[in-house]
**Student:** 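Okay, handing you the structure first.
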Amino acid sequence: VPSHDTQHRYPGAELTVVGEGPLRQSLIKLSRALGHEGSVRFVGFSSEVKFLLEGADVFVLPSLYEGQPNVLIEAIVSRCRVVAAGGATVRELLNEIGLGAFWVRNDGDFNSAIVEGIARALSLDDNVLQAASAKLGAKTSIAHIAESYVEFAYSVKGGLSASVLT
């Protein structure tokens with residue numbers, strides 16, 4: 001839910017919360033209690049992730065315990081600016097594609113760290129975002145993944161016969 005820092009820095013900002021997680025009802029109540037009903041939209045489950053990402057200025061993944069989130073990959077490949085918290089896997093992914101500055105530590109003042117991350121994301125050069133998107137797109141393509149599996153299969157001790165792989 002938008003903090004006072006966010007509202008002060010970005011007047012008119014809107015937040016769209018997607019998903020049906022266990023915190024949904026408490027977030028709705030909190031949003032109402034803070035008077036943010038007009039600036040927060042809860043859409044629940046959506047199969048229109050690409051559409052939602054295309055309309056976003058920044059995608060924020062505020063998860064405290066996220067492994068390898070597909071939605072983060074979708075956001076980056078869709079060339080959406082991102083700010084993400086989560087575990088080492090999230091940090092490593094962002095570092096590997098040149099977006100390490102957009103990983104947020106989930107300790108200390110987490111809300112302020114997210115707001116600062118949003119400010120950095122909004123100032124990200126389009127060429128850097130495009131390069132990161134292309135790098136991640138190539139790494140997550142079906143052809144690349146299939147090639148990785150074949151390389152792994154051949155590297156297994158004793159190898160596999162060619163007939164198993166074809």
Side-chain angles (χ1 to χ4, degrees), residues 1 15-27 41-166:
V1 176
L15 174 66
T16 301
V17 180
V18 181
E20 295 286 341
L23 297 177
R24 180 185 166 128
Q25 290 306 314
S26 41
L27 287 173
R41 183 172 61 127
F42 293 89
V43 297
F45 172 80
S46 176
S47 60
E48 301 296 327
V49 175
K50 185 169 176 61
F51 173 76
L52 291 166
L53 290 170
E54 288 173 354
D57 293 313
V58 179
F59 168 79
V60 178
L61 179 71
S63 176
L64 298 177
Y65 308 103
E66 193 70 49
Q68 183 69 45
N70 287 334
V71 70
L72 178 61
I73 293 169
E74 289 177 76
I76 295 167
V77 171
S78 297
R79 295 185 183 160
C80 186
R81 287 162 169 74
V82 299
V83 175
T89 307
V90 172
R91 182 182 68 232
E92 290 168 12
L93 169 69
L94 293 175
N95 281 334
E96 187 173 331
I97 61 171
L99 297 180
F102 305 101
W103 179 75
V104 175
R105 296 182 66 85
N106 56 15
D107 57 3
D109 188 353
F110 188 60
N111 289 335
S112 292
I114 292 286
V115 172
E116 291 301 318
I118 291 170
R120 287 192 307 275
L122 289 172
S123 65
L124 178 64
D125 181 83
D126 287 338
N127 293 325
V128 173
L129 179 60
Q130 185 174 355
S133 174
K135 187 173 185 177
L136 185 58
K139 180 181 168 114
T140 58
S141 72
I142 291 175
H144 177 77
I145 292 169
E147 182 179 310
S148 296
Y149 277 114
V150 169
E151 286 175 14
F152 173 74
Y154 277 117
S155 72
V156 174
K157 187 175 180 178
L160 297 175
S161 69
S163 64
V164 171
L165 296 176
T166 56

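Since the structure is predicted, the reported quantities are computational estimates derived from the model, not experimental observations. Sequential numbering from 1 along the given sequence is applied to the chain's residues.
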**Student:** Without placing hydrogens or testing angles, list every side-chain donor-acceptor pair under 3.5 Å for residues 76-102, not counting sequence neighbours.
**Tutor:**
from	atom 1	to	atom 2	distance (Å)
Ser78	OG	Glu74	O	2.8
Arg81	NE	Ala121	O	3.0
Arg81	NH2	Leu124	O	2.8
Arg81	NH2	Asp126	OD1	2.5
Asn95	ND2	Arg91	O	3.4
Glu96	OE1	Lys139	NZ	3.2
Glu96	OE2	Lys139	NZ	2.4

**Student:** Please, which pairs that meet side-chain hydrogen bond (donor to acceptor under 3.5 Å, both in side chains) have at least one residue in residues 128-138, sequence neighbours excluded?
**Tutor:** none
**Student:** For Arg24, does the CZ atom sit with more than 12 other heavy atoms under 6.0 Å from it, leaving out its own atoms?
**Tutor:** yes
**Student:** Only counting residues at least two apart or in another chain, list the ones meeting side chain to side chain contact (heavy atoms under 4.5 Å, CB included) with Ile145.
**Tutor:** Tyr149
**Student:** Checking Leu23 now: which residues fulfil side chain to side chain contact (heavy atoms under 4.5 Å, CB included) with it, not counting sequence neighbours?
**Tutor:** Ser26, Leu27
**Student:** Sort and list the pairs that fulfil salt bridge (charged side-chain N to carboxylate O under 4.0 Å, His left out) and have at least one residue in residues 41-52, not counting sequence neighbours.
**Tutor:** Lys50-Glu54
**Student:** To the nearest 0.5 angstrom, please state how far the CH2 atom of Trp103 sits from the CG atom of Leu61.
**Tutor:** 12.5 Å
**Student:** What is the distance from atom CD1 of Ile118 to atom OG of Ser123, rounded to the nearest 0.5 Å?
**Tutor:** 12.0 Å
**Student:** Partners of Glu151 by side-chain hydrogen bond (donor to acceptor under 3.5 Å, both in side chains), sequence neighbours excluded?
**Tutor:** none
**Student:** With side chains defined as the heavy atoms from C-beta onward, is the minimum distance between Phe110 and Pro62 less than 4.5 Å?
**Tutor:** yes
**Student:** Go through the structure and list residues passing side chain to side chain contact (heavy atoms under 4.5 Å, CB included) with Ala138, not counting sequence neighbours.
**Tutor:** none
**Student:** With sequence neighbours excluded, tell me which residues meet side chain to side chain contact (heavy atoms under 4.5 Å, CB included) with Gln25.
**Tutor:** Ile28
**Student:** Under the rule for salt bridge (Lys or Arg N to Asp or Glu O under 4.0 Å), what residues qualify as partners of Arg120, not counting sequence neighbours?
**Tutor:** none
**Student:** May I ask you to test the Phe59-Leu52 pair for a side-chain heavy-atom distance under 4.5 Å?
**Tutor:** no
